[in-house]
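Just the heavy atoms: all of them, side chains too, but no hydrogens, waters or symmetry mates, feed the values below.
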Amino acid sequence: MSNQHPVPMRTVISHVAVPILMGLVMAVAYLGGFHKPSPHEVPLAVVGPTQQVQPIAAGLEHQLGDEVDVRIVPTVDQATQQLRNLDISGAYVPGKTSAEMLTASGASDTTRSVVGQIGSAVALKQGVPLRTVDVAPVSDNDPAGQNGFFFLVALTVGSYATSIAIGAAAASHPMRRRAALAAVAGALIPTLTFLVARLGFGMFAGDSAAVWGLSVLYSEAVLLIGVGLHPLIGRFSTLVYSAVFVALNFTTSGGVFSPAMQPAFFGWLHSFWIGSGFVESVRRVMYLPDVSIAGPLTILVGWFALGLVSLAIGSAVERRRATVAARPTREELDAATLEELEEDVAV
């Protein structure tokens with residue numbers, strides 16, 4: 001029989017509580033963000049002269065309320081450009097014998113589906129057939145327009161898990177060495193992941209350099225934050241990073257549902273969370289060349305800067321701990337004082 005004392009039950013419970021909390025965080029985030037997508041203030045246009053299409057626009061507003069934000073656009077060309085600029089999510093073009101619904105699957109395939117249903121209901125009420133026109137289509141190798149999101153998932157798991165490994169296994173090494181490891185991993189992980197996506201599945205054809213560059217920036221940000229904050233949160237790193245980079249990140253990225261299809265909280269996070277910066281940048285590079293990537297790119301750069309700040313904070317915390325550890329304890333001071341007294345008495 002072993003003579004080792006059993007681990008205190010309080011310690012056991014504290015370890016078991018971490019994965020339970022992880023599951024709870026995942027449940028709240030995923031169910032809250034994905035379980036019931038419904039439109040709210042989805043920008044829709046009705047195309048045509050104001051006097052002619054005003055009754056249709058008014059009918060949509062009356063029927064759907066705050067689910068849509070209806071506006072009137074004079075021409076099809078203007079509506080098409082607004083779709084490609086992400087100013088609207090769909091445009092209904094009425095006609096005497098048929099109608100059209102202009103959509104943009106490259107912006108969001110799920111939103112395209114919703115506005116298509118709205119257009120079908122309006123056309124049915126008018127008694128005319130509806131033709132759907134996709135003015136910003138996705139590629140044949142990305143039929144749901146979600147390749148960027150799935151790439152984000154693979155990139156994230158590899159990056160934040162590696163940051164935990166570096167923070168734990170290299171804890172005895174200087175922070176600058178851990179930062180160097182993070183920088184190398186931040187280039188290696190997205191490169192390998194990209195090669196799998198590009199060579200193995202034919203993804204991102206024609207946009208390879210841009211997508212690879214964005215993935216490196218994203219991975220570096222995640223790794224620097226993970227390594228930098230590890231001294232502060234220690235064994236709770238997995239819980240914190242899974243919440244930040246998985247639970248909240250995936251649900252707010254816009255990769256599955258656009259912010260207009262989610263509760264307001266997730267739409268608010270979409271405006272500055274790191275995953276949205278990556279997904280929206282990739283989406284614009286691939287399918288929406290008329291839209292600047294400055295906004296989502298700024299999000300990525302901001303999180304990279306946060307990674308540098310995290311390294312500085314983690315390094316400062318470790319220096320402070322080292323200083324405190326180097327100070328003699330009260331017992332050591334008392335022992336030293338007693339030794340001095342004994343020497344004085346002996347003299």
**Prompt:** Counting distance only, does the side-chain N/O of His40 pair as donor-acceptor with the main-chain N or O of Gln262 below 3.5 Å?
**Reply:** yes

**Asked** Which pair of heavy atoms, one from Asp87 and one from Pro43, lies closest together, and at what distance?
**Response** O-CB, 3.7 Å

**Request:** Quick one: sort the Phe204 and Phe194 rings into parallel, tilted or perpendicular, breaks at 30° and 60°.
**Result:** parallel

**Item:** Ser315 versus Arg319, side-chain donor and acceptor atoms under 3.5 Å
**Value:** yes

**Prompt:** Counting only N and O atoms by type, is there a donor-acceptor contact under 3.5 Å from the side chain of Asn141 to the main-chain atoms of Phe201?
**Reply:** yes

**Asked** Looking at residues at least two apart in the chain, or sitting in another chain, which of them share a side-chain hydrogen bond (donor to acceptor under 3.5 Å, both in side chains) with Glu318?
**Response** Arg178

**Message:** Which heavy atom of Thr193 sits nearest to which heavy atom of Ala154, and what is that distance?
**Reply:** CG2-CB, 4.0 Å

**Message:** So which atom in Ala210 and which in Val285 form the shortest heavy-atom distance, rounded to 0.1 Å?
**Reply:** CB-CG1, 3.8 Å

**Fill in**
The side-chain contact (heavy atoms from CB on, under 4.5 Å) partners of Gln117 (sequence neighbours excluded) come to Ser113

**Prompt:** Considering residues at least two apart in sequence or located in another chain, which fulfil the ring-ring contact (aromatic ring centres under 6.0 Å, His included) criterion with Tyr160?
**Reply:** none

**Message:** Test of understanding: with ring-ring contact (aromatic ring centres under 6.0 Å, His included), list the residues that count as partners of Tyr92, not counting sequence neighbours.
**Reply:** none

**Request:** Just jot down the side-chain contact (heavy atoms from CB on, under 4.5 Å) partners of His173, sequence neighbours excluded, or say none.
**Result:** Ala170, Arg177

**Message:** Could you tell me if the side chain of Thr156 sits less than 4.5 Å from the side chain of Tyr218, heavy atoms only?
**Reply:** yes

**Gly254 backbone acceptor or donor facing Arg283 side chain under 3.5 Å** = yes

**Prompt:** So which heavy atom on Arg198 is nearest to which on Ala205, and how close?
**Reply:** NH2-CB, 3.6 Å

**Request:** Calculate, to the nearest 0.5 Å, the distance between atoms CD and OG belonging to Gln82 and Ser89 respectively.
**Result:** 11.0 Å

**Message:** So which atom in Ala57 and which in Val70 form the shortest heavy-atom distance, rounded to 0.1 Å?
**Reply:** CB-CG1, 3.6 Å

**Request:** Using a 4.5 Å cut-off on heavy atoms from C-beta on, say whether the side chain of Leu181 contacts that of Thr162.
**Result:** no

**Item:** side-chain contact (heavy atoms from CB on, under 4.5 Å) against Ala243, all qualifying residues, sequence neighbours excluded
**Value:** Val25

**Asked** In Å, rounded to the nearest 0.5 Å, how long is the span from OG of Ser159 to CG of Leu223?
**Response** 5.0 Å

**Item:** Backbone N/O of Phe250 and side chain of Ser253: donor-acceptor pair under 3.5 Å
**Value:** yes

**Asked** Between Thr110 and Val256, is there a donor-acceptor pair closer than 3.5 Å when you use the side chain of the first and the backbone of the second?
**Response** yes

**Asked** Could you state the interatomic distance from CD1 (Ile225) to OH (Tyr241), rounded to the nearest 0.5 Å?
**Response** 8.5 Å

**Item:** Any side-chain donor near an acceptor of the partner, Thr111 and Ser258, under 3.5 Å
**Value:** yes

**Prompt:** If you look only at pairs with a residue in residues 19-36, which of them pass as a side chain to side chain donor-acceptor pair (under 3.5 Å), with sequence neighbours excluded?
**Reply:** none

**Asked** How long is the gap from CD on Gln78 to CD1 on Ile72, to the nearest 0.5 Å?
**Response** 12.5 Å

**Request:** Answer yes or no: is there a donor N or O on one side and an acceptor on the other, between the side chain of His270 and the main chain of Thr251, under 3.5 Å?
**Result:** no

**Asked** What residues join Val135 in its hydrophobic cluster, counting side-chain heavy atom gaps under 4.5 Å, either direct or through other members?
**Response** Val47, Val76, Leu83, Ile88, Val93, Leu102, Val133

**Request:** With sequence neighbours left out, write down each residue that passes side-chain hydrogen bond (donor to acceptor under 3.5 Å, both in side chains) with Ser237, or none if nothing qualifies.
**Result:** none

**Prompt:** Val244 and Trp273: which non-hydrogen atoms are nearest, and at how many Å?
**Reply:** O-NE1, 3.0 Å

**Request:** Name all residues meeting the side-chain contact (heavy atoms from CB on, under 4.5 Å) criterion together with Leu188; count only those two or more places apart in sequence or in a different chain, and write none if there are none.
**Result:** Leu192

In residues 303-311, what donor-acceptor pairs under 3.5 Å come from side-chain atoms, sequence neighbours left out?
from	atom 1	to	atom 2	distance (Å)
Trp303	NE1	Phe272	O	2.8
Ser310	OG	Leu306	O	2.8

**Request:** Name all residues meeting the side-chain hydrogen bond (donor to acceptor under 3.5 Å, both in side chains) criterion together with Asp109; count only those two or more places apart in sequence or in a different chain, and write none if there are none.
**Result:** Arg112

**Asked** What distance separates Met26 CE from Leu31 CG, expressed to the nearest 0.5 Å?
**Response** 12.0 Å

**Asked** Would you say Arg321's side chain and Pro231's backbone share a donor-acceptor pair under 3.5 angstrom?
**Response** yes

